[in-house]
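These values consider heavy atoms only, across backbone and side chains, with no hydrogens, waters or symmetry-generated copies. Lettering follows sequence order; numbering is per chain, from 1. As the structure is a prediction and not an experimental result, all values here were calculated from the model.
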Number of protein chains: 2
Amino acid sequence: MKSIEKAVSALQLLVNSGGELRVGETSRHLKVTRSSASRLLASLASGGLIEQDPATQRYRAGILAVQLAASFHRNFDLVEQAQKEMDELARTTEHTVWLGVLSGTEVVVLKTARGSQPIQFTVEPGHRLPAHAAAMGKALLAVKPDAEIRSLFAASLDPVTKQTLVSIDDLLREIAMSRLRGYAISNQELFDGVKAISVAFEDPHKGMNIAISVSYPLFALEGGSDQSVVDALLLFAHHFGSRIGDKRWTK
Amino acid sequence: MKSIEKAVSALQLLVNSGGELRVGETSRHLKVTRSSASRLLASLASGGLIEQDPATQRYRAGILAVQLAASFHRNFDLVEQAQKEMDELARTTEHTVWLGVLSGTEVVVLKTARGSQPIQFTVEPGHRLPAHAAAMGKALLAVKPDAEIRSLFAASLDPVTKQTLVSIDDLLREIAMSRLRGYAISNQELFDGVKAISVAFEDPHKGMNIAISVSYPLFALEGGSDQSVVDALLLFAHHFGSRIGDKRWTK
DNA sequence: CAACATGTTGCGTAATAAGCAACACTTTGT
DNA sequence: ACAAAGTGTTGCTTATTACGCAACATGTTG
């Protein structure tokens, strides 16, 4: 069903273009004529998935998208269940806690819980982070076999900071280390001066993976050690993992 | 682009089926063979708009839907702006405040603010209400000309409670009254024992309409009069409307 | 274990989406 | 100020593709 796949591509483009899309822009990226792009967007708008601004003629997300997302969150009760415990984790560590899922080579942030630290790094739910640079990304990738990871990152790894791993082999080595360790680390690979650690969970019913991460600025470390944060995260993983029935954490 | 419109219909069906969709169900509702429905859903899933549960084979909303909704809320800053004032309104009235938009013959709730009353009627964001029975619906319909309203409700009006208006002519009369009044009323037409009043706003930039409503149980009325709630809502409408540049409320 | 549903493939034909112009309209440049 | 380029939309024709029909694989139920 090529036309539908093209339509979905247009929606991805909409997200990547900051929420607004024009017909000409769409036609160029999808390599179709403006007439086709016009009809494509009009069709998507027919059911309210997107809608056209009457003033600027630009297209943006519609109400149906909100409803779909609502049904996503309603089904995906792992997220709801995690919320309360995330708050708890944010309180004990005093740092920022994120919950995310893997989408291709990126991590989509679904929930956040702010710690009590005055200086924080926050990300709005719905935003995306490069998986190879984020702790959550590595934790989620660690579930997959190396071959799959390698095919995912066919293109080269984009450097985000000076610390970002740009070689796939380095990434795989680091992920192997994460598997042994039980949690993944991002040491200033996503933001300078910010470290993050993360663990992944699998919902046995829905067959879906999520990750929880704690991010903290380097200067906030007491005595240069982040052992207390690691301990808190592992404690959280044990509690939450056993409650949702994740085999990796039940014992 | 019929196949895309069919795909959007499938998404609407997904929302109306409680967030889960099966191939057979889809084929029956869209009146296509199972093979077509299978390919259609697979195409939608290709880009992450929906995804298939590996265990049950059922389809549900995907991550792209969450991203789309996030971009919707980012663009639609009216909602964000309204949030704080809604909290204020909920505090002064002590009742529940809803914010919604019109989608066909239904109202989609986007935000809620709870009042301090111990007994409350709450609706989750993303849910929908029949426009002809909800105060928000009438307020939003009142913006449109009668002819358009009449064509919207080609089918008969579904009765929700014993008070629900079932005749289109009655509805139009009631809406005309709302225009004179400046606000719309739903007197136990949506929930027995619950009354609601609502006002609509228009974003001059985005050309989009939203409504704010206050719902309150009849037994909570002091002295049988709801004048204080009406006054609070009109005060809110004046403040908010003039701030966003709505012509109807600037003077 | 049979009878039934369900979801996913090939395959040929009929439906339809894409490109090409032409149009109205706004924005930009001189 | 007008020309020139850009934008989004709409007939029209052909080439593309999506549909229904089977057949198959895999659970589900009686």
Side-chain angles (χ1 to χ4, degrees), chain A residues 1-62 71 75 203-208, chain B residues 1-62 71 75 203-208:
Chain A
M1 231 105 166
K2 286 212 168 142
S3 67
I4 296 184
E5 288 167 26
K6 237 172 218 167
V8 177
S9 299
L11 294 175
Q12 294 176 330
L13 183 62
L14 173 64
V15 170
N16 291 325
S17 303
E20 285 202 331
L21 210 52
R22 293 181 306 170
V23 172
E25 198 182 345
T26 311
S27 74
R28 258 173 271 117
H29 283 265
L30 297 188
K31 307 213 168 120
V32 295
T33 53
R34 286 206 313 277
S35 56
S36 297
S38 173
R39 284 186 272 247
L40 188 154
L41 293 173
S43 300
L44 284 175
S46 73
L49 220 207
I50 63 176
E51 56 194 19
Q52 190 175 27
D53 189 316
T56 66
Q57 289 189 114
R58 289 199 189 87
Y59 286 89
R60 56 182 178 228
S71 89
N75 274 338
D203 184 349
H205 292 92
K206 305 274 174 70
M208 216 172 170
Chain B
M1 230 107 167
K2 284 210 169 150
S3 66
I4 296 184
E5 288 168 25
K6 238 172 216 167
V8 177
S9 299
L11 294 174
Q12 294 176 330
L13 184 62
L14 173 64
V15 170
N16 291 326
S17 304
E20 286 201 331
L21 210 53
R22 292 181 305 171
V23 172
E25 198 182 345
T26 311
S27 73
R28 259 173 270 115
H29 279 85
L30 297 188
K31 307 210 166 123
V32 295
T33 54
R34 287 206 313 279
S35 54
S36 298
S38 173
R39 285 185 273 247
L40 189 153
L41 293 174
S43 301
L44 283 175
S46 72
L49 220 206
I50 63 177
E51 58 193 17
Q52 189 175 27
D53 189 315
T56 66
Q57 289 191 115
R58 288 199 189 86
Y59 285 89
R60 57 180 177 229
S71 88
N75 275 337
D203 184 348
H205 293 92
K206 304 274 174 70
M208 218 171 168

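- The side chain of Arg34(A) lies closest to dG8(D), out of dG8(D), dG20(D), dG7(C).
- Residue Gln52(A) is classed as a sugar-phosphate contact, given heavy-atom separations below 4.0 Å to backbone atoms only.
- For Val32(A), the listed nucleotide lying nearest its side chain is dG19(C); candidates were dA18(D), dG19(C), dC21(D).
- Within the 4.0 angstrom heavy-atom criterion, no nucleotide atom of any strand lies near Glu5(A).
- For the pair Leu30(A) CG and dA17(C) C1', the computed distance is 14 Å after rounding to whole Å.
- At a cut-off of 3.5 angstrom, counting only N and O atoms as typed in the model, there is no donor on one side facing an acceptor on the other between the side-chain of Arg22(B) and the base of dG27(D).
- The distance from atom CD of Gln12(B) to atom OG of Ser46(A), rounded to the nearest 0.5 Å, is 7.5 Å.
- Listed nucleotides: dA18(D), dA18(C), dC21(D). Nearest to the side chain of Met1(A): dA18(D).
- Rounded to an integer number of Å, the gap from Arg58(A) CZ to dT27(C) P is 11 Å.
- Comparing Arg28(A) and Lys31(B) by the nucleotide of DNA chain D that holds the closest heavy atom to each, the one mapping nearer the 5' end is Arg28(A).
- Using a 4.0 Å heavy-atom distance criterion, Thr33(B) is classed as a base contact.
- Here the P atom of nucleotide dG27(D) and the CG atom of Asp53(B) are 14 Å apart, to the nearest Å.
- Contact annotation: side chain of Arg39(B) to base of dG20(D), donor-acceptor pair present below 3.5 Å.
- Nearer the 5' end of DNA chain D, as judged by each residue's closest nucleotide, is the contact made by Tyr59(A), out of Tyr59(A) and Lys6(A).
- Protein atom CD1 of Ile50(A) is 13 Å distant from nucleotide atom P of dG8(D), rounded to whole Å.
- Taking only side-chain atoms of Ser35(A), from C-beta outward, the nucleotide of dT6(C), dT8(C), dG19(C) with the closest atom is dG19(C).
- The backbone N or O of Gln57(B) sits less than 3.5 Å from a side-chain atom of Gln52(B), completing a donor-acceptor pair.
- Side-chain proximity of Ser36(B) to dT9(D), dG20(D), dG19(C): nearest is dG20(D).
- Ile4(A) places its CD1 atom 9 Å from the C1' atom of dA18(D), with the value rounded to the nearest Å.
- In this structure, the separation between CG on Leu14(B) and CG on Leu21(B) is 5.5 Å, given to the nearest 0.5 Å.
- Under 3.5 Å, the side chains of Ser38(B) and Ser35(B) contain no donor-acceptor pair of N or O atoms.
- We find the CG-NZ distance between Leu44(A) and Lys6(A) to be 13.0 Å, quoted to the nearest 0.5 Å.
- Rounded to an integer number of Å, the gap from Leu41(A) CG to dT7(D) C1' is 13 Å.
- The separation between Leu40(A) atom CG and dT16(D) atom C1' is 16 Å, rounded to whole Å.
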